[in-house]
Peer 1: 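Below is a structure I'd like to ask you about.
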Amino acid sequence: MTILDPAEMRTAAEKQAAPEGAEHTAAPRPPASKSFLDSFFQITKRGSTLAREFRGGIVTFFTMAYIVILNPLILGGFSAENAATDVAGGWLSAAQVGAVTGLTAGVMTIVFGLVANLPFGLAAGLGINSFLAVAVIQDVTWPEAMGLVVINGVLIVLFGATGARTAIFKAVPKELKAAITVGIGLFIAFIGFVDSGFVRPTKGGPPVQLGNDGSITSIPTLVFIVGLLVMGILVARRIQGGLLIGIVATTALAAVVEATMHIGPGSADNPGGWHLNVPVLAGQLVAAPDFSLVGQFDLFGSFSRIGGLAATMLVFTLVFTNFFDAMGTMTGLAKSAGVAHKDGTFPRLKSAFIVEGMGAVVGGGTSGSSNTVYIDSAAGIGEGARTGLASVVTGALFLGSMFFTPLTSVVPLEVAAAALVVVGAMMMAQIREIKFSKFSIALPAFLTIITMPLTYSIANGIGVGFISFAVISAASGRASKVHPLMWVVTAGFIIYFARGPINALLGA
């Protein structure tokens, strides 16, 4: 049994629709009746099967499941002493954040699958939740910060509903869209290397290094390497369910290793421990979720507390991060899924943008932070997912995770990291779409690709690529090649990159 790429799957579907010798028959065989799910999600039309969609949805969930554990650690805590406290000393309960994280991710991923019919999972965006916890709550309260997230979401929905977001998307040259896909592939691979401990910061000298002082000294990192090789072999041999089999097998290995060696969680005293969650089942397996944070947001309180200009700059930062992170992510995922058109657009583009914007509104309304499309969805796509049915499966599992958090936490981050590296390698194939012989294209594309992993931000990579493309094109006599909307977005990115000094001036 083998996994086929999109082109091969279309060929296979055509062969099934017209078997050998059919062209010689006078009366063609009537098409086989389709199930409701097949017709609604266009599964056969996209060259997929029910099994692949369910398998892909499961793989996406297990690759994204870490957010149910990580988001509460970023936004909340178990007491004021170990939580991110706001300007008024308020803090969010980790248990409550965990509940709304699973709730919002589940609901929005299901809605996205049903409305946009794309195999993309949505959950709390790591860039925005970190921005809220580290910077925003230094000036406002948590309810006020979540109010800003809601405003950000409303603006993004309006951009999507009016077609402004689609127009900007279409204005981006196809080479830059390909560069965004490649950059995201490199970015998620780098995330996998860092999360697994395969790449670590140095105390002095180069910014990063292999393991500890150039050596692999951590057992969890060895588990990552084993998982990476197992998944790579299974995918290379085109084994159906290769990524899922690899995730399950490596998780089982991790559980055995932990049971025999008692490695424990990583910390300053235990640098060789598991990065985030320890692969063990402990305590209650089932617990009722606490939804007390739902509706606990203050829509305009921040404008009264810090003033209109300062609050507007915070909204501007949220919108730019949300808008272009999601746009870049969806571009890369659509190409990986084989549903993108030649110009980089994909089916139900407008609907996808609107629902993604609603993820920010709902995420702020539940105090779980803005929900956006996750690049980790590429793991499910790599497993064969091509339609929104996979998203419905992923969303259902997220809703279930609210009650089974211990089960969710069994898969260590090192195992999910291995899947990300494999998928990152798959996404690098889009580099063939970039004409590196034309330096006016080559440099912006290269800067887009390299900036994403080096700055840990998809939006930064897109911004650097846009600015360099516009400036180089204009200076080399090719200003007509730059769409007017690209100039508008370029100006916005310049403001975005200068927001630190601008905020300082406003504060002064």
Side-chain angles (χ1 to χ4, degrees), residues 55 58-73 78 82 94-95 98 189-201 208-237 239 241-287 376 379 383 397 400-401 403-423:
R55 194 167 61 240
I58 294 171
V59 167
T60 293
F61 169 74
F62 278 112
T63 311
M64 291 177 61
Y66 65 86
I67 193 60
V68 179
I69 299 163
L70 184 57
N71 199 41
L73 296 179
F78 298 98
N82 63 11
F190 188 57
I191 289 174
F193 284 135
V194 172
D195 286 348
S196 66
F198 189 81
V199 170
R200 297 175 183 267
V208 293
Q209 63 180 343
L210 174 68
N212 291 312
D213 297 325
S215 300
I216 302 300
T217 59
S218 162
I219 298 298
T221 302
L222 285 176
V223 171
F224 157 78
I225 295 172
V226 171
L228 176 60
L229 293 175
V230 169
M231 293 178 206
I233 292 170
L234 293 173
V235 172
R237 292 180 63 86
I239 302 298
L243 281 178
L244 180 57
I245 294 171
I247 290 173
V248 173
T250 314
T251 299
L253 171 64
V256 171
V257 168
E258 176 59 28
T260 56
M261 302 185 68
H262 307 291
I263 297 171
S267 65
D269 297 327
N270 184 26
W274 300 98
H275 190 109
L276 178 61
N277 44 312
V278 180
V280 294
L281 279 174
Q284 281 185 304
L285 294 184
V286 182
D376 307 67
E383 196 57 53
L397 291 173
S401 74
F403 302 91
F404 298 96
T405 302
L407 282 177
T408 305
S409 64
V410 171
V411 181
L413 194 57
E414 287 79 1
V415 174
L420 290 182
V421 174
V422 172
V423 173

Peer 1: To the nearest 0.5 Å, how far apart are CD1 in Ile219 and CD in Glu258?
Peer 2: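 That separation rounds to 11.0 Å.
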Peer 1: Could you give the distance from NE2 (His275) to OG1 (Thr221), rounded to the nearest 0.5 Å?
Peer 2: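 His275 NE2 to Thr221 OG1: 10.0 Å, rounded to 0.5 Å.
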Peer 1: Identify the two heavy atoms, one from Gly232 and one from Val422, that lie closest to each other, and give their separation to 0.1 Å.
Peer 2: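 It is N-CG2, 4.2 Å.
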Peer 1: Using every non-hydrogen atom in the two residues, find where Ala254 and Pro279 come nearest and quote the distance to one decimal.
Peer 2: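 That closest heavy-atom pairing would be O-CG, 3.6 Å.
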Peer 1: Heavy atoms only: give me the nearest Gly227-Ala418 pair and the separation to one decimal.
Peer 2: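 Nearest pair, atom of Gly227 first, then Ala418: C-CB, 3.9 Å.
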Peer 1: Report yes if the side chains of Val223 and Trp274 come closer than 4.5 Å at any heavy-atom pair, otherwise no.
Peer 2: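 Result yes, sub-4.5 Å side-chain heavy-atom pair found.
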Peer 1: With the side chain counted from C-beta on, respond yes when Phe193 and Val421 share a heavy-atom pair under 4.5 Å apart, and no when they do not.
Peer 2: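 Phe193 reaches Val421 side chain to side chain.
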Peer 1: Taking all atoms of both residues into account, what is the closest heavy-atom pair of Ala379 and Thr63, and its distance?
Peer 2: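 It is CB-OG1, 3.4 Å.
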Peer 1: Between atom CG of Asp195 and atom CG of Leu420, what is the distance when rounded to the nearest 0.5 Å?
Peer 2: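 Nearest 0.5 Å value for the CG-CG distance: 7.5 Å.
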Peer 1: Measuring from atom CZ of Arg200 to atom OG of Ser218, what distance do you get when rounded to the nearest 0.5 angstrom?
Peer 2: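 Rounded to the nearest 0.5 Å, the CZ-OG separation comes out at 5.5 Å.
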Peer 1: With distance as the sole test, does Gln209 use its side chain to make a donor-acceptor pair with the main-chain N or O of Val199 at under 3.5 Å?
Peer 2: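 Looks like no, no N/O pair under 3.5 Å.
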Peer 1: Taking the side chain as everything from C-beta on, heavy atoms only, tell me whether Leu210 gets closer than 4.5 Å to Phe198.
Peer 2: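 They are in side-chain contact.
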Peer 1: Within the 4.5 Å heavy-atom criterion, are Glu414 and Thr250 side-chain neighbours or not?
Peer 2: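 Counting from C-beta outward, Glu414 and Thr250 never come under 4.5 Å.
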Peer 1: I'd like to check Val280 versus His262 (side-chain heavy atoms, cut-off strictly below 4.5 Å). Are they in contact?
Peer 2: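 No, every pair of side-chain atoms sits at 4.5 Å or beyond.
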Peer 1: Applying the side chain to side chain contact (heavy atoms under 4.5 Å, CB included) criterion to Val230, which one of Val226, Ile233, Leu228 satisfies it?
Peer 2: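 With Val230 as partner, side chain to side chain contact (heavy atoms under 4.5 Å, CB included) holds for just one option, Val226.
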Peer 1: Nearest 0.5 Å, please: how far is CD1 in Ile58 from CD1 in Ile247?
Peer 2: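 With rounding to 0.5 Å, CD1 (Ile247) is 10.5 Å from CD1 (Ile58).
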Peer 1: Kindly give the heavy-atom pair with the smallest separation between Asn270 and Ile263, and that separation in Å.
Peer 2: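 Result for this residue pair: ND2-O, 2.9 Å.
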Peer 1: Of all the heavy-atom pairs spanning Ile67 and Pro72, show the shortest one and how long it is.
Peer 2: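 Looking at all heavy atoms of both residues, the closest pair is O-CD, 3.8 Å.
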